[in-house]
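Below is one structure, written out as structure tokens; the observations come after it.
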Amino acid sequence: TYIQTDAAINPGNSGGPLVNLYGQVIGINSNKIIATGYEGMGFSIPVSRAKTIIDDLVSNGYVTGRTRLGIMAQTVQEMYTQIYGFPQGVLIQSVGSDSGLKNKAVQGDIITKADGADIADMDDLYAVLNRHKPGDTIKMTIYSTALSESAGGQKAGTTREVGVKLLEDKGETQ
């Protein structure tokens, strides 16, 4: 559920308040739909839906209950799939010391599946993480590249399945 608004929403100012005639915050400006030849439609998250997040941020400094893997990663670039034959997925740049992937994956490995879902990009990975809570264990499929082999990982071109315990996201890493 969103509030449709005619307030100007542009890159860089989403997240600002939507106020009523009395100066009360009634929403958080979040996105805008734009189409050629049409005026864009702006949308805000009602403050009633955002209140739990706001309360969490004020009392804890982060939103509790969100998960992370404890890695730094990025979507595999199309160039890598074309030149090196890498599969689509999420390329691991580093594995944190607290990560459930420690000793199971290394820099250069690619996450291709998580919890049974194909992972083509970071959005896919976040979608899987958002369905779980900290402490849950999920299965992931990891593809090793020549990059990971040189970092002490498995032989290039091999795939393996690992169980990974999810951490609580306090803003550290992915």
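All values reported here derive from a predicted model rather than from experimental measurement. Quick note: residue numbers are just sequence positions, from 1.
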With rounding to the nearest 0.5 angstrom, report the [atom1] to [atom2] distance, [X] to [Y].
{"X": "I53", "Y": "D56", "atom1": "CD1", "atom2": "CG", "result": "8.0 Å"}
{"X": "T137", "Y": "L166", "atom1": "OG1", "atom2": "CG", "result": "7.0 Å"}
{"X": "D118", "Y": "D124", "atom1": "CG", "atom2": "CG", "result": "8.0 Å"}
{"X": "K170", "Y": "N60", "atom1": "NZ", "atom2": "CG", "result": "9.0 Å"}
{"X": "N29", "Y": "S44", "atom1": "CG", "atom2": "OG", "result": "3.5 Å"}
{"X": "M122", "Y": "T75", "atom1": "CE", "atom2": "OG1", "result": "6.0 Å"}

Candidate pair I142 and I111, rule side-chain contact (heavy atoms from CB on, under 4.5 Å), full reasoning: CA-CA 5 Å; I142 308 289; I111 301 168; 3.8 Å; yes
For a quick test of reading the model, state the closest non-hydrogen atom pair linking [X] to [Y] and the distance between them.
{"X": "I92", "Y": "A73", "value": "CA-CB, 4.3 Å"}
{"X": "E78", "Y": "T81", "value": "O-OG1, 2.6 Å"}
{"X": "Q88", "Y": "T112", "value": "O-CG2, 3.7 Å"}
{"X": "A156", "Y": "T145", "value": "CB-C, 3.6 Å"}
{"X": "P134", "Y": "G65", "value": "CD-O, 3.3 Å"}
{"X": "S30", "Y": "I9", "value": "N-CD1, 4.4 Å"}

Those residues that, when tested against D121, pass salt bridge (charged side-chain N to carboxylate O under 4.0 Å, His left out) (two or more places apart): none
Counterpart residues, salt bridge (charged side-chain N to carboxylate O under 4.0 Å, His left out), relative to D136 (two or more places apart): K133
Members sharing M79's hydrophobic cluster (side chains within less than 4.5 Å): V76, Y80, I83, Y84, F86, L91, I110, Y143, L147
R49 CZ: over 12 foreign heavy atoms closer than 6.0 Å: no
Any side-chain heavy atom of [X] sitting closer than 4.5 Å to one from [Y]?
{"X": "I45", "Y": "Y2", "answer": "yes"}
{"X": "L69", "Y": "M140", "answer": "yes"}
{"X": "T159", "Y": "K113", "answer": "no"}

T67 versus D169, side-chain donor and acceptor atoms under 3.5 Å: no
Cluster overlap L18 with V47, hydrophobic side-chain contacts below 4.5 Å: no
Tell me whether [X] contacts the main-chain N or O of [Y] through its side chain, where contact means a donor paired with an acceptor under 3.5 Å.
{"X": "T5", "Y": "G42", "value": "no"}
{"X": "S148", "Y": "V106", "value": "no"}
{"X": "K139", "Y": "G116", "value": "no"}

Y62: ring pair (Phe, Tyr, Trp, His ring centres under 6.0 Å) partners, not counting sequence neighbours: none
Counterpart residues, side-chain hydrogen bond (donor to acceptor under 3.5 Å, both in side chains), relative to N31 (two or more places apart): none
Test side-chain contact (heavy atoms from CB on, under 4.5 Å) applied to L129 and R68, step by step: CA-CA 7 Å; L129 294 178; R68 69 182 179 96; 5.6 Å; no
Pairs satisfying salt bridge (Lys or Arg N to Asp or Glu O under 4.0 Å), at least one member in residues 146-166, at least two apart: D109-R160
